**Q** 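Next up is a structure, given as structure tokens.
This chain uses plain numbering: 1 for the first residue, then up along the sequence. Remember, predicted model here, so these are calculated numbers, not experimental data.
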Amino acid sequence: MARVKAAEAGGEIDESSLDKRFWVLVVGSIGVVFGDIGTSPLYAFREAVRAASGGSPANSEAVFGVLSLIFWALVLIVTVKYVLVLLNADNKGEGGTFALMALGQSVAKKSSPLLLGLGIAGASFFYGDAVITPAISVLSAVEGITLVSPAFEPWIVPAALVIIIALFSVQSHGTERVAQYFGPITIIWFLALAAGGLLHIIDNPAVIGALNPVHGIRFMATHGLLGLTVLGLVFLAVTGAEALYADLGHFGRKPIQTAWLGFILPALMLNYLGQGALVLGDAEAMENPFYRLYPEWALLPMVLLATIATVVACQAVITGAFSIARQAVQLGLLPRFAIRHTSASMAGQIYLPRVNWLLLAGVVITVISFKSSSNLATAYGVSVTATLVINSLMAFFVVWRYWRWPLWKAAGLMVPLLLIEQTFFAANIMKLFEGAWFPVLIAALLGIVMMTWVRGYGILARITRRNETDLDWLVRKLEAKPPARVPGTAVFLSADVTFAPTALMHNLKHNRVLHERNLILSIRTEETPRVPRHERVVIDRSNETFIRVVASYGFMETPSIPKIMESCRRKDLNIDIGATSFFLSRRSLRRTTRSEMPRWQERMFIWLARTAEDATTYFQIPTDRVVEIGTQVTI
């Protein structure tokens, strides 16, 4: 793609610079995309083999069965589904749940409500996982300190809390400076994983035979319900797979594919196989097989490295939570949140204070409640498997309708993957009463919040529309009976430029004046991640009384009034923002006995509306240029 663009521009192509840029992206993807899945060896093998052994010392059947299941889960779910399929299902270069939802909705209009529901469910389950991941990752890393001295055990939870609180506290400063170190640190981590495993594979090379799928199939077939329980714990090795698709826009398809196939997957499997070889030769190593891979002199450095690696993994989850929240706001699934950009050069680096502190509260409660990574293992996996199933369902629409595959061919690709993921989901949902209820509860609450906002906002839009006047009709009335005109420019924000905004009607009714120049501005969110700058603003000057301006943004962008005014100037609509008044409607919602929503949902929507970020701040309008006109609406 870079070569094509350079050729079109008529410039010379520097092959070495292209190669350098490619490898920079590969290193960056290692630091951001694979942080979560890269910390799974800390606990995944241990928990799965413990369950497979039924409390007895680890035996070859359990070890070979677990290793086989881990390997083929990584191959089928991560490699086949994400690396080979979904990375090709990009929405204008972007990936993630909402990008996939919008792509599906663009080609399957009749199924749009279904895809919306799936998108909301996928985002909700992501946050269930986002609360668990920092807790289990940091706890599993800090627990290694007990191997140095058992006296440190009472300090595990306090130390984990200190690390987590410190991590969330620095989010407001942005990650631009720290992110440049993520790649090299994570590369060192994966090299340490590979080296630790390789040392013990050399001692027992027969463990490589565990890659044969027969061992996993035989274990599942002969252990009944226990096999399903073990499968749920095996899935811990796959958590973080969704990040490969979610971060597609940051690094591109080929760098992520190269990093996974050429470095991450081999390093992970060397470590898992090494843990298997270790416990087959030393049953006591099951206490903590990951840290037992390393000699005693390397134990403390590995604990420190593991802690740093988990912080990197947590950072990726936190920034993902910020990104999804912004997309939800832009798509109208949540009320407006305060969004702060922490980098002048990278638009994706943002900070959402409300999301940050709510997420911190959830992680702290999780650490205090579960106290250890082993206890958290019972809660982990449900959210991730649910997200995988949801993404596969949405991907089916994309493969079938967007890629225009025949129905039988699309089903042949996606149905087997769905069956595998549904099996993992069933295995994890068995832990519902042991701890899996926690992320499910978080996802359910968030899903209710988003569905309430979508329904309430739809009702509010209909009520507002009934009270608005057709703009062309208003123009004819004003021409017949002109009001007093005052100098300056007035901008009225509206959801639809064909209707007169409430603020305009109230201004005419009470003040009986009209400015010399009036703009009806509508800010719309498109079904694409980003809108090119030259397509941002469309201006309709067909009416001299009211100039209509439509500003389009992608669901991964944050609207900005000053930038919209700048785009207008580039299209010969000169607006001096210092001499412009912005008229906004501030609606005060009131309950009514005739509401279309249940009483509890009505109260929730009104509360959500009251907590929304002020439009002046959200759209970055100069505060001294805003005129707010209040209206009361019963809903």
**Q** Quick one: which residue pairs count as a salt bridge (Lys or Arg N to Asp or Glu O under 4.0 Å) with a foot in residues 492-503, not counting sequence neighbours?
**A** R465-D496
**Q** Would you kindly say whether E527 and S106 are connected by a side-chain donor-acceptor distance under 3.5 Å?
**A** no
**Q** Report yes if the distance between the aromatic ring centroids of Y351 and F322 is under 6.0 Å, otherwise no.
**A** yes
**Q** For this output row, return yes or no: ring centroids of W357 and F168 closer than 6.0 angstrom.
**A** no
**Q** Is a salt bridge present between E242 and K81, judged by a nitrogen-to-oxygen distance below 4.0 Å?
**A** no
**Q** Check for me whether the distance between the ring centres of H515 and F546 falls short of 6.0 Å.
**A** no
**Q** Is atom CZ of R340 surrounded by more than 12 heavy atoms (other residues, nucleotides or ligands) closer than 6.0 Å?
**A** no
**Q** Is a donor from one side chain sitting under 3.5 angstrom from an acceptor on the other, for S392 and E421?
**A** yes
**Q** Among T616, T489, I577, find the residue that satisfies the side-chain contact (heavy atoms from CB on, under 4.5 Å) test when tested with F582.
**A** I577
**Q** Do D576 and R517 meet the salt-bridge criterion of a basic N to acidic O distance under 4.0 Å?
**A** no
**Q** Using side-chain heavy atoms (C-beta onward) and a distance below 4.5 Å, is Q315 in contact with L167?
**A** yes
**Q** Salt bridge check, E628 against R586: does any charged N sit closer than 4.0 Å to a carboxylate O?
**A** yes
**Q** Salt bridge or not for E566 and R569, using N-O below 4.0 Å?
**A** no
**Q** Charged N to carboxylate O under 4.0 angstrom, E557 versus R536?
**A** yes
